[in-house]
Amino acid sequence: MTPSTETLGAPARDERLRLLERLLADTRLDAEAAGRPRTPVPAELRRAPEDGPLTPLPPPAAPRAVLDDVLPGRTAVRDYGYAPMSGADLSAILTAADRMDAGGWPAERAAGVDLELYCAAWRVTGVDTGLYRYLPRQSALCRVASLPDGPEAEDLVMQREFAQAAALLVITGNLAAALARNGSHGHRLLLTRAGAAGHAAWLTALRLDLVGTVFAGLLPHVLRERAAADGYHRAALFAFAAGPPQRQ
Ligand SMILES: Cc1cc2nc3c(=O)[nH]c(=O)nc-3n(C[C@H](O)[C@H](O)[C@H](O)COP(=O)(O)O)c2cc1C
């Protein structure tokens, strides 16, 4: 088992930090080497309008556990309890994903290369079953499509267990815009951003006593039909399934 941060001695912690710094330096070098002059993103490649009906979200729930306590138990969980997730918990998960991206890649966002966060909600208090786009500035969900419930929901996902989750976070990015701005490096950058956002969502869920897993096995036709995700202007990148734990 990987030792938790508290059980590591100072030399091992320093070693980890040095490794992390080297990895980050490599990532920057990679970005610079791939760098051709950045170009503005054309208007037609920017995000879609936000014109669906809105469901306001409550303020994000405060964490119920400290990260150090829950991190050692973090493991991919693919079976969920039937209890609903609160709207405040969902709000916290979505906020965490968005803040991670806002803090890590402000220049990409300012240039119009946003991540879009979608939420398939099945059992969230105060949110009807459906597919929504998260609007961080309004702290609201914008409905984009209906979703089936029960066994039919399993047709929406590659692994049926994910249809039993209370909610899925699906992270999409504008690959066309990312490539227009950054060249081929843009794809890698989008994947890195989606990974960071997905894991921020996961760690936040853990601190709310929820369980889940990140995953990438999405069915392209589902998002194409329901959210106009053509795989280029809107490409599904990563996802996080969340729900309350199964009680024994
Ligand atoms: C890029 C990526 C894609 C993944 N895709 C899937 C997936 O399609 N289905 C799945 O069940 N898990 C998927 N996972 C989750 C991993 O299987 C999980 O994190 C791994 O089994 C480690 O489990 P642990 O967190 O319990 O150590 C993915 C993880 C990553 C990082």
Side-chain angles (χ1 to χ4, degrees), residues 1-8 16 19-20 23-24 26-27 30-31 63 65-81 85 93-94 96-98 100-101 104-105 108 115-120 122 131 147 151 153-175 178 184-224 226-227 229 231-232 234-246 248:
M1 203 179 96
T2 313
S4 69
T5 318
E6 316 88 271
T7 58
L8 284 174
R16 275 198 176 182
L19 178 64
L20 193 59
L23 283 171
L24 284 173
D26 282 354
T27 306
D30 186 18
V66 292
L67 188 59
D68 278 3
D69 288 343
V70 292
L71 202 51
R74 186 217 64 98
T75 188
V77 175
R78 298 177 179 82
D79 297 297
Y80 311 98
M85 176 194 294
I93 289 171
L94 293 168
D98 181 64
M100 170 56 77
D101 193 58
W105 289 274
E108 291 300 297
L115 293 185
E116 285 182 359
L117 305 181
Y118 286 82
C119 175
W122 282 292
L131 182 67
L147 287 181
E154 293 177 4
D155 295 339
L156 300 174
V157 283
M158 204 177 285
Q159 289 164 256
R160 64 171 60 176
E161 55 269 34
F162 293 140
Q164 315 298 331
L168 304 182
L169 159 68
V170 179
I171 303 165
T172 74
N174 188 334
L175 182 57
S184 58
H185 173 61
H187 187 206
R188 199 190 62 81
L189 203 52
L190 271 189
L191 291 172
T192 304
R193 291 170 61 186
H199 281 88
W202 193 355
L203 295 183
T204 297
L206 288 180
R207 295 186 65 189
L208 294 167
D209 300 325
L210 300 168
V211 293
T213 186
V214 291
F215 68 102
L218 294 153
L219 293 175
H221 76 91
V222 171
L223 286 167
R224 191 174 59 240
R226 289 176 165 77
Y232 188 47
R234 182 171 293 121
L237 303 167
F238 206 35
F240 171 59
Q246 280 188 331
Q248 301 303 320

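For ligands, and for the atoms within them, numbers begin at 1 and follow the listed sequence. Note that the numbering runs from 1 along the sequence shown for the chain.
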Query raised in the report: Passes side chain to side chain contact (heavy atoms under 4.5 Å, CB included), Ile171 versus Leu117? Steps please.
Result: CA-CA 5 Å; Ile171 303 165; Leu117 305 181; 3.9 Å; yes

Requested in this report: Would you check if the side chain of Arg234 reaches a backbone N or O of Ala227 as a donor-acceptor pair within less than 3.5 Å?
Outcome: yes

Query raised in the report: Taking atom types as modelled and ignoring hydrogens, do the side chains of Arg226 and Tyr118 form a donor-acceptor contact shorter than 3.5 angstrom?
Result: no

Query - Contact residues of ligand 1, where a non-hydrogen atom lies under 4.0 Å away - result: Arg74, Thr75, Ala76, Arg78, Gln159, Phe162, Trp202, Thr213, Val214, Phe215, Ala216, Gly217, Phe238

Query - Stepwise side chain to side chain contact (heavy atoms under 4.5 Å, CB included) test for Leu237 and Leu191 - result: CA-CA 6 Å; Leu237 303 167; Leu191 291 172; 4.1 Å; yes

Query raised in the report: Taking the six-membered ring for Trp, are Phe240 and Trp202 parallel (under 30°), tilted (30 to 60°) or perpendicular (over 60°)?
Result: tilted

Requested in this report: Look only at the side chain of Arg207 and the backbone of Val66, and say whether a donor-acceptor pair between them is shorter than 3.5 Å.
Outcome: no

